[in-house]
Each structure stands twice: as structure tokens, then as C-alpha cells.
K.L.:
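Below you will find the structure I want to go over with you.
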Amino acid sequence: MSLKNRLILGLAMLLAAMALLRFELRSPDQPILSLQTLDGETADAYLLSVHSQRFDTEGKLSSELHSPRIDHFAGQALSLLQTPRFLSYGEQNLWQATSLHGRYRDDGSWLELIDEVDIQRLDNTSTPPRLRTPWLAIEPPNKLAHSDREVTLTDANGITEAIGMRLNWQSEQLELLSQVRARYETKH
């Protein structure tokens, strides 16, 4: 075997060993990382295990955002979130909104939850109210959320369905917008 062929073979084996070593150094639960794309743009950065907090002007905790992975797109000034969990602190209760996917504007003014959105008030009642919708837009600074899609509200009294909703996290006022149908269930 010629020196050139041995050198090429040795270099190929070294590259294969480095690739295998890099793969093996990854912990078993850590995903193989690749940047996401959005409208043809490749993410410029990603973050893992994100937990961010927003405070009001008085220094009180206003909201939190958790996501196992966020891909950032500088050209569009937004980030894609995997399984986001948003917490909003109202006057008396803590609200939680989760989904499979999300989008977040860089300026923090807009959070969009997409696919299997689940909103619930986290309190000590036996059956806290729960809202479900396929899409929800949240304005964290204003403590407002809205959807123009189907909404299902489940609470201790029954099930209410509607198209569209507005929710004020601070005052805890919910407005169902159209085609509202309710089914009340009595306790035996």
C-alpha cells in the first residue's frame, strides 16, 4: 500500500473515531442537536432547558416561561419553542398554559402557543377550570390571552364550548366570543 493511500486511510479512521467519540460523549437523554429552519432561514442559535422570568414594575414576579429547547431566528426576531410552559401570576391565582409548540417574539410582547394548548388555574380547588384550544396568543406584558379557534372550558359545573375567547390573567375574566354551548352536570 502506498504512503498516500495509508495517509488517506489513517485520516479517514481518525475522522471516524472522532465522530464516534463525539456521539458517545453525549448523554443518553440528550438529543442530537441540529438547528431548526423557519421559512428557509436556519436558526442562528439554540438554548436548552430554558427558564425565564418577567417581573412587573414593583418587582413582583409576573410570569415565567419554561421550554426544553428554543431555536432563535435573528432575521425574523423570534424563537421557536418546544413544549412551552407559560405561568402567569394573577391577583389571586397562578395560571398555567402549555402546548406542543410555540413562537416567542424577541421583544417579549407576544407568545403564541400552538397545538394542544391547555390552560388551567393552579389552585387548591378539587376541579380547577381548564381551557383547551388548538391555538392561543398571549401578550405577557398586558396579561392578556386570546384565541379565534374552538375553545372547551371544563370546570366543576360541566363543559362549555365556544369559538374564540379572551382571557385577562390579572382580573381572571374570561369572555367566550361566539357559538357558545354549555352542558351543566349536577352532582348526585
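Residue numbers count from 1 along this sequence.
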K.L.:
Would you give the length of the straight line joining atom CG of Asp106 to atom OH of Tyr104, rounded to the nearest 0.5 angstrom?
P.N.:
9.0 Å
K.L.:
Could you give me the CA-CA distance, side-chain angles and deciding distance for Leu131 and Leu174, then say whether side chain to side chain contact (heavy atoms under 4.5 Å, CB included) is met?
P.N.:
CA-CA 10 Å; Leu131 289 159; Leu174 172 67; 4.1 Å; yes
K.L.:
Can you measure from OH (Tyr46) to NE2 (His72) and round to the nearest 0.5 angstrom?
P.N.:
15.0 Å
K.L.:
With sequence neighbours left out, write down each residue that passes side-chain hydrogen bond (donor to acceptor under 3.5 Å, both in side chains) with Asp56, or none if nothing qualifies.
P.N.:
none
K.L.:
Just how far is it from atom CG of Leu167 to atom CZ of Arg121, taken to the nearest 0.5 Å?
P.N.:
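Rounded to the nearest 0.5 Å, the CG-CZ separation comes out at 10.5 Å.
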K.L.:
Could you give me the CA-CA distance, side-chain angles and deciding distance for Val151 and Glu161, then say whether side chain to side chain contact (heavy atoms under 4.5 Å, CB included) is met?
P.N.:
CA-CA 6 Å; Val151 177; Glu161 296 173 330; over 6 Å; no
K.L.:
Tell me, with the steps shown, if Ile163 and Leu177 meet side chain to side chain contact (heavy atoms under 4.5 Å, CB included).
P.N.:
CA-CA 6 Å; Ile163 303 294; Leu177 301 179; over 6 Å; no
K.L.:
Considering non-hydrogen atoms only, spot the tightest contact between Ser109 and Pro140 and give its length.
P.N.:
O-CD, 3.8 Å
K.L.:
What is the minimum heavy-atom distance between Pro84 and Leu65, and which atoms define it?
P.N.:
CB-CD1, 4.3 Å
K.L.:
The criterion is salt bridge (Lys or Arg N to Asp or Glu O under 4.0 Å); which residues satisfy it with Asp115, sequence neighbours excluded?
P.N.:
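Expected list: none.
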K.L.:
Would Arg130 and Asp155 pass as an ion pair if we require N to O under 4.0 Å?
P.N.:
no
K.L.:
Who pairs with Arg105 by salt bridge (Lys or Arg N to Asp or Glu O under 4.0 Å), at least two apart in sequence or on another chain?
P.N.:
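With sequence neighbours excluded, Arg105 shows a salt bridge (Lys or Arg N to Asp or Glu O under 4.0 Å) to no residue whatsoever.
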K.L.:
Listed by chain and number, what are the salt bridge (Lys or Arg N to Asp or Glu O under 4.0 Å) partners of Arg54, not counting sequence neighbours?
P.N.:
none
K.L.:
For residues 75-82, which side-chain donor-acceptor pairs fall under 3.5 Å, sequence neighbours excluded?
P.N.:
{"unit_1": "Gln76", "atom_1": "NE2", "unit_2": "Leu38", "atom_2": "O", "d": "3.2"}
{"unit_1": "Gln76", "atom_1": "NE2", "unit_2": "Glu41", "atom_2": "OE1", "d": "3.4"}

K.L.:
To the nearest 0.5 Å, tell me how far Arg103 CZ sits from Leu111 CG.
P.N.:
12.0 Å
K.L.:
Rounded to the nearest 0.5 Å, how far apart are CD1 of Ile70 and CG of Leu47?
P.N.:
6.0 Å
K.L.:
I'd like to know whether Leu100 forms a side chain to side chain contact (heavy atoms under 4.5 Å, CB included) with Ile114, so could you lay out the CA-CA distance, the side-chain angles of the two residues, the decisive distance to 0.1 Å, and finally the verdict.
P.N.:
CA-CA 6 Å; Leu100 295 180; Ile114 306 162; over 6 Å; no
K.L.:
Less than 4.5 Å apart, side chain to side chain, heavy atoms only: is that true for Glu64 and Ser52?
P.N.:
no
K.L.:
Applying side chain to side chain contact (heavy atoms under 4.5 Å, CB included), name anything that partners Thr83, two or more places apart in sequence or on another chain.
P.N.:
Pro68
K.L.:
Hey, could you give me the CE/OG1 distance between Met165 and Thr152, rounded to the nearest 0.5 Å?
P.N.:
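Separation between the atoms: 11.5 Å.
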K.L.:
Check the orientation of Trp169 and Trp95. Use parallel for under 30°, tilted for 30 to 60°, and perpendicular for over 60°.
P.N.:
perpendicular
K.L.:
Taking side chain to side chain contact (heavy atoms under 4.5 Å, CB included) as the test, write out the residues that go with Leu122, two or more places apart.
P.N.:
Leu87, Leu94, Gln96, Gln120
K.L.:
Restricting to side chain to side chain contact (heavy atoms under 4.5 Å, CB included), what partner residues turn up for Thr160, sequence neighbours left out?
P.N.:
Leu153, Leu176, Val180, Ala182
K.L.:
Could you pull out all residues at least two apart from Ser171 that satisfy side chain to side chain contact (heavy atoms under 4.5 Å, CB included)?
P.N.:
Asn168, Gln173
K.L.:
Taking only residues two or more places apart in sequence or in another chain, which ones pass ring-ring contact (aromatic ring centres under 6.0 Å, His included) with His101?
P.N.:
none
K.L.:
Has Glu175 got more than 12 heavy atoms of other residues, nucleotides or ligands less than 6.0 Å from its CD?
P.N.:
yes
K.L.:
Please confirm whether the backbone N or O of Ala43 pairs with a side-chain atom of Asp71, one donor and one acceptor, at under 3.5 Å?
P.N.:
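Side chain of Asp71 to backbone of Ala43: no pair is present.
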K.L.:
In residues 141-148, what donor-acceptor pairs under 3.5 Å come from side-chain atoms, sequence neighbours left out?
P.N.:
{"unit_1": "Asn142", "atom_1": "ND2", "unit_2": "Glu139", "atom_2": "OE1", "d": "2.9"}
{"unit_1": "Lys143", "atom_1": "NZ", "unit_2": "Ser62", "atom_2": "O", "d": "3.0"}
{"unit_1": "Lys143", "atom_1": "NZ", "unit_2": "Ser62", "atom_2": "OG", "d": "3.4"}
{"unit_1": "Lys143", "atom_1": "NZ", "unit_2": "Ser88", "atom_2": "OG", "d": "3.4"}
{"unit_1": "Lys143", "atom_1": "NZ", "unit_2": "Tyr89", "atom_2": "O", "d": "2.7"}
{"unit_1": "Ser147", "atom_1": "OG", "unit_2": "Thr133", "atom_2": "OG1", "d": "3.2"}
{"unit_1": "Ser147", "atom_1": "OG", "unit_2": "Trp135", "atom_2": "O", "d": "2.7"}
{"unit_1": "Ser147", "atom_1": "OG", "unit_2": "Arg149", "atom_2": "N", "d": "3.2"}

K.L.:
My understanding is that a hydrophobic cluster links ILVMFWY residues whose side chain heavy atoms are under 4.5 Å apart, including indirect links. Using that, what else belongs to the cluster containing Tyr184?
P.N.:
none
